[in-house]
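Throughout, residue positions are numbered sequentially from 1 according to the sequence presented.
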Amino acid sequence: MITALLLAAMLTVVPVLKPPVYDIVPTPKSLVPAQGVFTLGKTTALSVEDAAFDEIAEDFRAQVAASTGFALKGSGPRIIMRKTGGFGKEAYRLTVRPSEVLIQASEVNGAFYGLQTLLQLFPAGIYSDTPVRKVKWTAPCCIIDDEPEFPYRGFLFDCGRYFFPKEEVMKFIDLMAMHKQNMFHWHLTEDQGWRIQIDKYPRLTTVGAWRKETAFHSWIGNGQPHGGFYTKEDIREVVEYARRRCVTVIPEVEIPGHSTAAIAAYPELSCFPDRHYEVETRWGIWKNLYAPTAQTFQFLEDVFTELFELFPSPLYHIGGDEAPKDVYRESRYCQDLMKVLGLKSVEELQTFFVKRIGDFLKANGKTCIGWDEILDGGALDDPIAMSYRGHAPAARGIRRGIRVVLTPNRWCYLDNHQDDQPDDLAQEVFMPLKKVYSYYPAVDSIPDLSEKYIIGYETCLWTEYVPDSEKAEWMAFPRNVAASEVAWTARPNKDWESFRSRMPKVLERLEAKHVGYCPVYYEVIFDYDRRLPFPKPMNLELDYPDGTVHYTLDGSEPTLGSPVYDGTPFMVDKDAVIKARGFGRDGKPLGKITEKRFFSSYGK
């Protein structure tokens, strides 16, 4: 009898538990899976053991209450926030057990990121701003030790070319913090608009904040006035909102170029004050520069002095890029000044200008950031250079011991197009989700210097092709989510296959936060070398991992009966018409039909 029972026990089939899914973005440094789940409910309590964490705990409690209705003031299972020594500023440990959750960190930043990871472990509805019903609020058990690879994890929002309401600015900051990005680079002055209230110079906003129309890249305007600016109260509200989310707001005031709006308001700041200036209506690089005069320097010092009261950031961005110096060559004053200063070129005059403002910022406890042109003169004392023209400027900078943030435009500019379709009005570089994810901020030829001096990475949403909030969200997401993993996660831990398998949950979270993201993840991408002559090989890609691509070459719409793309590139010639669509395992179509047409006159 005993033998029979033992034999039966041995033959009993023990069900294999399905491993829990940890759809965390960015991928943490270390994750040890465990069996079981922690369940959030009416009796769950949030226990904060140090007053330093009270503020972020309050915001966490509010988010959970909005989506679940749970106040986190019960007497049951606990979420414990414990201040523990030995962690880096942004590091944390998250331990999830069926009976409790423990978040340990030494500083607020680390504790905040621990909370963000915990939120991602729950169903995506946790991010809803209204109650979500019929959801089991469970988080899979695990132990996570985490900290960022880079201290600077940035996102630029260009509010100079188009003005965006403060609510949209704060929405972007919220989405940054959710994915552990910590530097919000606010591009606030441009040829096409000045966006900051400055009390001492009211014409900056009565004149400089408004253009009569937008002519894009042509001479034909749309006849629609555009403008706006942020009041000081707006800015204080945005900066405080960011602070509570461990995000630093870095203001950018462009010098000496990209300054037409300010010059239109105060022509005496220009090299030729008697000329007529208007806020620029067209995109492009314009020749109006601030004059290197005492009046201009006083103006800029006054502006920055007012900004010091608004932006506590230790980092201030001064631009320094795209400044054609024709007016410096033409101006008798500038030529005389060069002789007095012993300068040999107008490039050295720009260096003098930038150094003068950089020294002022440093005297006021600020570190100067500039686009990589600031490396050309070499005059700034301990700046941070943003390398946007590829990796060559970064290499020059780190060889000179200068800290660098990498933001090369072909990998990091979110105004580049992402689905290669006619309705995707954007810059010409093709930059799909996979390309954004696959980037890593380093100059591989000099790894030791890269590790020492490259402090981070930034994506940039320039807005020449982004006139409103709807298009801004469409261009930024989900690519900026991929970017968050580029900056946070160590290179050996990055894995495209893993990332794209996590994307459905990512998109659910974005939907819960009312983000109008681009759905190209579910659409077929045409991958081909534009430089090759016809006939050229064509590859079809689908970021969604559980789909099958069907395509046609005769102009008909693809169905489940159309040829299946097996991963082998096929040749296309001029006049080819390719239509493709993904289908899920259930046979249902994914996304829209994508189409690529090549014409006989097509030269690439």
Close side-chain approach of Ser450 to Ile398, heavy-atom, < 4.5 Å: yes

Validation row: Tyr439, Met431 side chains within 4.5 angstrom (heavy atoms): no

Residue pairs fulfilling salt bridge (Lys or Arg N to Asp or Glu O under 4.0 Å) with at least one residue in residues 330-339, sequence neighbours excluded: Arg275-Glu330

Over 12 foreign heavy atoms within 6.0 Å of CZ, Arg244: yes

No-hydrogen, no-angle side-chain donor-acceptor test under 3.5 Å, Asp234 and Thr231: yes

Side-chain donor-acceptor pair present, Gln418, Asn416, cut-off under 3.5 Å: no

Test log, rule side chain to side chain contact (heavy atoms under 4.5 Å, CB included), inputs Gln116 and Gln120: CA-CA 6 Å; Gln116 301 316 301; Gln120 290 195 16; 5.6 Å; no

Closest heavy-atom pair and its distance - Leu461, Ala476: CD2-CB, 4.3 Å

Ring centers of Phe353, Phe297 separated by less than 6.0 Å: yes

Main-chain N/O of Gly390 paired to Asn409 side chain as donor or acceptor, under 3.5 Å: no

Among Phe150, Trp488, Tyr457, Trp411, the one residue meeting ring-ring contact (aromatic ring centres under 6.0 Å, His included) with Tyr440: Phe150

Cationic N near anionic O, under 4.0 Å, Arg243 to Glu240: yes

Residue pair Trp210 / His226, side-chain heavy-atom distance below 4.5 Å: no

Trace of the salt bridge (charged side-chain N to carboxylate O under 4.0 Å, His left out) decision for Arg61 with Glu58: CA-CA 5 Å; Arg61 192 190 303 274; Glu58 178 186 339; over 6 Å; no

Note, Val169 side chain near Cys159 side chain (heavy atom, < 4.5 Å): yes

Atom CD of Glu451 with >12 non-hydrogen neighbours under 6.0 angstrom: no

Between CG on residue Asn182 and CD1 on residue Ile173, distance to nearest 0.5 Å: 12.0 Å

Trace of the side chain to side chain contact (heavy atoms under 4.5 Å, CB included) decision for Met170 with Glu237: CA-CA 9 Å; Met170 291 189 287; Glu237 185 178 352; 3.8 Å; yes

Donor-acceptor contacts under 3.5 Å from residues 308-320 side chains, at least two apart:
from, atom 1, to, atom 2, distance (Å)
Ser313, OG, Leu315, N, 2.9
Ser313, OG, Leu315, O, 2.8
Tyr316, OH, Leu307, O, 3.1
Tyr316, OH, Phe311, O, 2.8
His317, ND1, Gly319, N, 3.0

Aromatic ring pairing Tyr388/Tyr413, orientation class (parallel under 30°, perpendicular over 60°, tilted between): parallel

His179 side, atom NE2; Asp174 side, atom CG - distance, nearest 0.5 Å: 10.0 Å

Under-4.0 Å salt bridge between Arg396 and Asp376: yes

side-chain hydrogen bond (donor to acceptor under 3.5 Å, both in side chains) between Glu511 and Tyr517, intermediate numbers included: CA-CA 8 Å; Glu511 288 168 7; Tyr517 63 84; 2.5 Å; yes

Donor-acceptor side-chain pairing of Tyr277 and Ser270 below 3.5 angstrom: yes

Closest non-hydrogen atom pair, Val253 against Ile196: CG2-CD1, 4.1 Å

Atom pair NZ/CG of Lys83 and Asp50 - distance to nearest 0.5 Å: 5.0 Å

Derivation of the side-chain hydrogen bond (donor to acceptor under 3.5 Å, both in side chains) call for Gln298 and Asp302: CA-CA 6 Å; Gln298 186 61 58; Asp302 291 340; 2.9 Å; yes

Derivation of the side chain to side chain contact (heavy atoms under 4.5 Å, CB included) call for His185 and Met386: CA-CA 11 Å; His185 177 174; Met386 282 195 162; 3.8 Å; yes

Test: Lys232 and Glu306 ion pair at under 4.0 Å: yes

Whether Phe299 and Tyr290 hold their rings parallel, tilted or perpendicular, with breakpoints at 30° and 60°: tilted

Sidechain-backbone polar pair: Ser387 side chain, Ala394 backbone, donor-acceptor under 3.5 Å: yes

Distance (rounded to the nearest 0.5 Å) between Trp283 CH2 and Thr214 OG1: 5.0 Å

Spatial distance of atom CZ (Phe352) from atom CE (Met338) [nearest 0.5 Å]: 12.0 Å

Charged N-O contact under 4.0 Å between Glu473 and Lys171: yes

Steps toward side chain to side chain contact (heavy atoms under 4.5 Å, CB included) verdict (Val247, Gln181): CA-CA 7 Å; Val247 173; Gln181 293 173 303; over 6 Å; no

Interatomic spacing from CZ in Phe229 to OG1 in Thr206 - rounded to 0.5 Å: 8.5 Å

Cation-pi, Tyr230 ring and Lys166 (6.0 angstrom, 45 degrees): no

Mutual orientation of the aromatic rings belonging to Tyr162 and Phe164 [parallel < 30°, tilted 30-60°, perpendicular > 60°]: perpendicular

Residues Glu348 and Lys355 bridged, charged N to O under 4.0 Å: no

Pairing of Arg403 and Asp382 as salt bridge, 4.0 angstrom limit: yes

Min side-chain heavy-atom separation Phe477-Cys518 under 4.5 Å: no

Residues Lys29, Glu485: salt bridge by 4.0 Å N-O rule: no

Quiz item: cation-pi between Arg245 and Tyr241, 6.0 Å / 45°: yes

Residue pair Ile374 / Pro383: nearest heavy atoms and the distance that separates them: CD1-CB, 4.0 Å

Note, Cys334 side chain near Pro292 side chain (heavy atom, < 4.5 Å): yes

Beyond-backbone contact of Ile446 with Arg399, side-chain heavy atoms, under 4.5 angstrom: yes

Sub-6.0 Å ring centroid separation between Phe172 and Phe157: yes

Side-chain touch Lys180/Asp146, heavy atoms, less than 4.5 angstrom: yes

Salt bridge (charged side-chain N to carboxylate O under 4.0 Å, His left out) partner of Arg161, the single match among Glu254, Glu464, Glu280: Glu464

Partner set under salt bridge (charged side-chain N to carboxylate O under 4.0 Å, His left out) for Lys452, not counting sequence neighbours: none

Polar contact flag, side-chain donor to acceptor under 3.5 angstrom, His258-Asn288: no

